[in-house]
Amino acid sequence: MVTKTEKIMSIAQKRGFFFPSGEIYSVKAGFWTYGHLGTLLKQRWENLWRKTFLDNPNYYEIEDTNILTKEVFESSGHLKNFNDPLVECNKCKFRFRADQYVEDETGEETEALTTSEMDKLITKHKLKCPECGGELGKTQLFNMMFELKVGATGKDIMHLRPETAQAPYLAFKREFLALREKLPMGLAVIGKAFRNEISPRQGFFRLREFTQAELQIFFDPDTIDETEDWNKIKSYKLRTLLVKERSSKTLKEKTCEQLNKTEKIPKLYISQMVKIQKFYLDVLDIPKEKIRFKEISEKERAFYNRIQFDMEIDLETLGGFREVLGLHYRGDHDLSGHQKGSKTKLEVFLNNKRFIPHVIELSFGVDRNIWNLLDNFFKEEKNRTLFTFPHSLSPIDVAIFPLIRKNNLPEVAKKIFNDLNQDFNCTYDETGSIGRMYRRMDEIGCSTMITVDHQTLKDKSVTLRDKNTMKQTRIKIEKLKEKIKKLFNDEIKFEETGKKV
RNA sequence: GCGCUGAUAGUGUAAUGGCUAACACCUGAGCCUUCCAAGCUCAAAAUUCGGGUUCGAAUCCCGAUCGGCGCACCA
């Protein structure tokens with residue numbers, strides 16, 4: 001039995017969506033190359049993301065280096081928290097967190113201990129393997145961050161960033177001044193992040209080098225329960241799964257007003273949930289029942305996150321709901337940490353008071369979102385497989401074919417290609433029968449196909465085929481551009497809170 | 001890291017110690033063809049790597065590398 005995952009992977013590699021990085025040498029898990037179609041698909045997703053989330057005049061995208069100095073991660077807590085002390089049983093090879101175990105067993109504070117101090121505690125308390133009672137080996141640090149030696153001496157240690165979020169925090173002071181001291185201020189980054197996962201699994205879903213699209217919203221904490229568009233969104237229903245509802249089988253939608261009044265979730269936070277949900281439902285066209293906001297409990301989330309909901313999407317290939325983004329209310333953790341670590345004032349003076357802005361972070365895993373698109377839009381019919389992407393996501397907008405390779409039809413088709421390619425992502429093909437050319441384009445999710453036939457020579461009309469329905473309509477060549485633009489525009493439903501896409 | 005398991009054209013399979021490593025799909029060239037993977041001809045394309053056993057290894061043995069699954073890890 002060929003699984004859906006295998007089918008999608010096969011098409012992805014065969015057609016050029018993505019494939020293992022450097023595979024002509026050897027395949028390493030967690031590193032992938034985007035091929036030409038994958039790159040187009042990813043660009044389209046990213047552009048829709050930009051249009052949706054950077055819709056505020058005080059929200060902008062910035063770009064930072066992937067390599068950052070050690071001090072950044074001392075302040076952010078990554079050097080400490082990403083640095084797990086692991087200990088292994090010599091007998092059964094069970095591996096676990098040494099600090100947590102020692103603390104649980106002895107009640108001693110392990111927060112600031114070195115590995116050798118940890119080992120001393122293990123010896124002192126005669127701790128054994130919790131699984132089999134065997135002797136424990138030496139504690140070793142495992143850091144999820146990639147370390148780099150910079151410069152000739154190799155003494156300067158820098159790190160590949162494990163998240164893009166640090167960029168806006170580091171840029172905060174400059175951008176706050178550059179954007180003339182207004183809050184809320186949004187700084188977004190779409191870029192690479194790097195985590196040295198012990199064993200990345202699930203193909204495309206947990207990577208060592210991956211793309212994040214993150215938006216950090218800086219705001220005055222006193223205004224967290226304010227948002228301009230509240231009247232427009234207060235009766236909008238959000239698909240939330242609260243911690244207390246985890247055991248319930250059916251998801252109960254709640255209006256923004258309910259979440260605000262009953263669950264005490266602040267309005268600014270809720271307004272972002274609305275935007276996110278609309279992005280998935282209206283822009284990306286994901287079926288409603290496949291998405292949910294899962295509330296993350298205090299125990300599960302990082303200590304500095306005061307509120308966290310993850311958007312989860314039901315993915316057939318991964319057997320259930322999987323996280324594709326996190327929405328975090330991080331308080332002043334980040335700016336306070338950097339203010340202390342860098343000895344640079346990151347306080348602002350606004351509204352007649354001095355304070356450190358708080359942060360709400362939207363953190364999307366882009367590659368996971370790409371996988372979601374492939375999973376959710378993959379369809380198999382009797383004689384074909386296709387991706388039913390919305391037009392705005394299709395890697396190729398229009399394909400142009402001559403019905404047969406004769407009678408001047410290819411020349412006419414090429415001319416149309418040259419013309420339309422100015423405005424759309426187009427491709428041209430004349431190899432094989434017309435049916436085969438349609439199938440090829442179906443398989444990569446091309447939106448629209450144009451065929452030049454003998455009638456074209458008589459009356460300058462061509463057929464326009466819709467991928468999803470296979471229906472064809474005849475249209476004059478001169479009307480093509482206008483018609484295709486209209487097709488693409490008509491599908492857009494996202495108008496209330498976001499920019500038109 | 002541990003355990004299990006696997007690695008043959010782009011993809012999916014076959015060859016179980018013996019002929020030039022086979023077949024299908026895909027891809028390319030050509031013929032044919034007036035709308036949904038038609039047909040015909042031709043072509044390109046593979047045994048993960050390193051040792052060993054043997055007259056002879058894709059096949060057996062050892063090692064390495066890498067993948068998948070499970071455990072653990074995933075601030």
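So that the names make sense, note that chain A is the first sequence line, chain B the second, and so on, each numbered from 1.
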For this session: Scan A/Glu163 against the nucleic acid and name what it touches under 4.0 Å (heavy atoms): base, sugar-phosphate only, or nothing.
Result: base

For this session: Please work out which of the three classes, parallel, tilted or perpendicular, describes the rings of A/Phe53 and A/Trp49, given edges at 30° and 60°.
Result: tilted

Exercise. Quantified in whole Å, what is the P atom distance between nucleotide B/A38 and nucleotide B/G28?
Worked result: 13 Å

Problem set entry | Strand-adjacent residues in residues 358-370 of chain A, judged by heavy atoms under 4.0 Å from RNA chain B | none

Exercise. Relative to each other, are the rings of A/Tyr329 and A/His358 parallel, tilted or perpendicular (30° and 60° limits)?
Worked result: tilted

Seminar exercise, completed: Expected string for nucleotides 29-40 of chain B under the B/S/- scheme (protein heavy atoms, under 4.0 Å, primed atoms plus P, OP1, OP2 as sugar-phosphate) is SS--BBBBBS--

Problem set entry | Length of the line joining A/Ile24:CD1 and B/C66:C1', which is rounded to integer Å | 16 Å

Exercise. When you match A/Gln13 and A/Asp429 each to their closest nucleotide on RNA chain B, which lands nearer the 5' end?
Worked result: A/Gln13

Exercise. Over how many whole Å does the gap from A/Phe205 atom CZ to B/G68 atom C1' extend?
Worked result: 18 Å

Exercise. Going through the distances and angles, do A/Trp45 and A/Phe279 end up as a ring-ring contact (aromatic ring centres under 6.0 Å, His included)?
Worked result: CA-CA 11 Å; A/Trp45 187 94; A/Phe279 179 62; 5.8 Å; yes

Exercise. Taking only residues two or more places apart in sequence, or in another chain, which ones meet A/Lys471 in a salt bridge (charged side-chain N to carboxylate O under 4.0 Å, His left out)?
Worked result: none

Problem set entry | Partners meeting salt bridge (charged side-chain N to carboxylate O under 4.0 Å, His left out) with A/Glu245 (sequence neighbours left out) | A/Lys254

Exercise. Excluding sequence neighbours, so at least two apart, what forms side-chain hydrogen bond (donor to acceptor under 3.5 Å, both in side chains) with A/His454?
Worked result: A/Asn407

For this session: Please state whether the rings of A/Trp32 and A/Phe18 are parallel, tilted or perpendicular, taking 30° and 60° as the class boundaries.
Result: perpendicular

Exercise. When the P atoms of B/G10 and B/A46 are considered, how many whole Å apart are they?
Worked result: 7 Å

For this session: Using a 4.0 Å heavy-atom cut-off across all strands, classify A/Tyr304 as base, sugar-phosphate, or nothing.
Result: base

Problem set entry | Structure string for RNA chain B in dot-bracket form, Watson-Crick and G-U at under 3.5 Å, | interchain | (((((((..((((....[...)))).(((((.......)))))....(((((..]....))))))))))))....

